[in-house]
**Q** 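Once you've had a glance at the structure underneath, I'll fire off some questions.
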Amino acid sequence: MKSVLKAAQAGTLESNDVMIIVEPGENGINLDLESIVKKQYGAAIAATIADAAKALGVTDVNVKAIDRGALPYAIRARMVTALERAGIGPERGA
Amino acid sequence: MINAIGRDIPDYIEGFGQVKHYRGAFATLPGGNAYGPPIRASRPGAVKVCSGLEELFKLLGLKSGMTFSFHHHLRNGDEVVNQVLAVAAKLGLKDIGVSLTAAFATHAPMIGHINNGVVTSLRTSGVYGPLAVAISGGLLPGPVVLHTHGGRPRAMAGGEHRVDVAFVAAPAADERGNVSGVSGPSACGSLGYAFSDADYASVVVAVTDNLVPFPLAPASIPQNKVDFVVTVDSLGDPQGIVSGTTKVTKDPVGLKIADTAAKAILASGLLKDGFSFQTGAGGASLAAAHYVGRMMREGRIRGGFALGGITGYMVDMLEEGLFKNLYDVQSFDLESVRSLGRNPSHLEVSADLYANPFNPGCLVNDLDVVILGATEIDVGFNVNVVTGSDGVLMGAAGGHPDTAAGAKMTVIVTTLLRSRLPIVVDRVIAATTPGETVDVLVTEYGLAVNPERPELRERFIKAGLEVKDIHELKALAQSIAGVPERIPQGERIVALVEYRDGTIIDVVREAAE
């Protein structure tokens, strides 16, 4: 289990992108999601973000995501980058 | 009843009445004779000019329950509708029917007039902006009727859609009622959608901010059709009336789609001398025109005519000699406005001549190829252009169903996904153009051909185009984006999609919270 050390962000507010801000948190992965496709893909976006966090061993984090219709791989990449910038390394050790 | 495209439509709809069901693109035929407006007379020396809308309302004794008509050539710059309805509200009129060829964000004040009962019904080819969102939420007492550009003159000629007063936005008018769209501070070019209003309304009023000396010639609408001329300070905001130069897209995905569409046109065998063509003003459509123009130049092909909403790009093609004529029902940009006033081969046409299915010769029937967009297309090739993927009204039927029905080949161009949402779906939310009139779908992942057109499919395969089954494109979209959750819809019907022949092809239900 790894913890987010500091606030960090990745991504942009351009069409088809997502901006993700991560902050240290407790009690699981808490997502605040804003999305133009929330009705159709809200649950899918939440799952993609949670999976990306868990894959890096992160279980407690506060996430703010502003989505402009990003595809799943873009959401995953933005989440991974935000976590790396927050001090979580893939296998580099935090 | 289940209609010819499998939609379950009630036989009777509250706030509308008995429904004539869609039976097929050419299955419903007219009967009887055309409707005529009251016969009017004029004496020498009679004065038509009236110095304000309020004065006109009092002079004519306009009252509650009447239907007023408007046209949308001033697009998002229009203030005429707002000015007229504000006077109606001030004078205490209620229950006004509005017939407006398309409603834009500028028409948001209508929300207040509907809430106050001043306006209680709307016929239009489409709604954009806050008014669209409000109507989707159930603003109107009955459903909005969405018609096609050809369907409106059909309904007027048939006497089904009767107008008490037509308000014609006149960028230039003289005191006798001759009207033109090509000059003045609110110049908008063609006034083609308003011609039927001038033919069938009981009273025809030209509203102008530019009274010019008599005689104004050539006139789009001549003085023998116009009862009154009302002067106002301004028709609207010129910035919202015409765009600057409409440009070909630089987006590589749009260019790839356009390139494929142009190759499909070449492979179809339709691109030869006399070629006739319509395309929209959207980025990819215009880019397709660019590639088609290049192929015409290379093949030394001289086209017959280009039709529809006209852009500067089509004007360039006319002046270069690629087409013999432009038929213009709506001028999209400054260059097309200027050209209409300058090029004798650039002709202003009525919506009736353009697209009315119930006359002996609408121009859409003479189209070889039309390129059109879509907000959604389903595996039966039915196209939605009136709502977004969320079921909220956001676009216009316009000439989409008319040109698709008329053209020898109808090409839909769209990206496979838009903001993650698959555009190719199992079933569109609001079928506007029936699949039997759509031949080809072009996306950045290849094209699909309507199974009813196997000969086209053969030609495309021979030409080396990437032909796919439409189900394959749908599956591909879902594999990239994931399957979207269904948007719940309410029960109440907020919009009727009227096909060009006057039948109801689909309905739009209230957007659920």
**Q** So which part of Ile480(B) gets closer than 4.5 Å to some heavy atom of chain A, the side chain, the backbone, both or neither?
**A** both
**Q** Within a radius of less than 6.0 Å around CD of Glu14(B), do more than 12 heavy atoms belonging to other residues, nucleotides or ligands occur?
**A** no
**Q** To the nearest 0.5 angstrom, please state how far the NZ atom of Lys39(A) sits from the CG atom of Leu421(B).
**A** 11.0 Å
**Q** Using non-hydrogen atoms and a 4.5 Å limit, figure out which bit of Ala70(A) sits close to chain B: side chain, backbone, both or neither.
**A** backbone
**Q** Could you grab the distance from atom CZ of Arg68(A) to atom OG of Ser419(B), nearest 0.5 Å is fine?
**A** 10.0 Å
**Q** Nearest 0.5 Å please: distance from the OH atom of Tyr41(A) over to the CD atom of Glu485(B).
**A** 9.5 Å
**Q** CG/Leu417(B) to CG/Asn16(A) distance, rounded to the nearest 0.5 angstrom?
**A** 8.5 Å
**Q** CD1 of Ile75(A) to CZ of Arg420(B): how many Å apart, nearest 0.5 Å?
**A** 4.5 Å
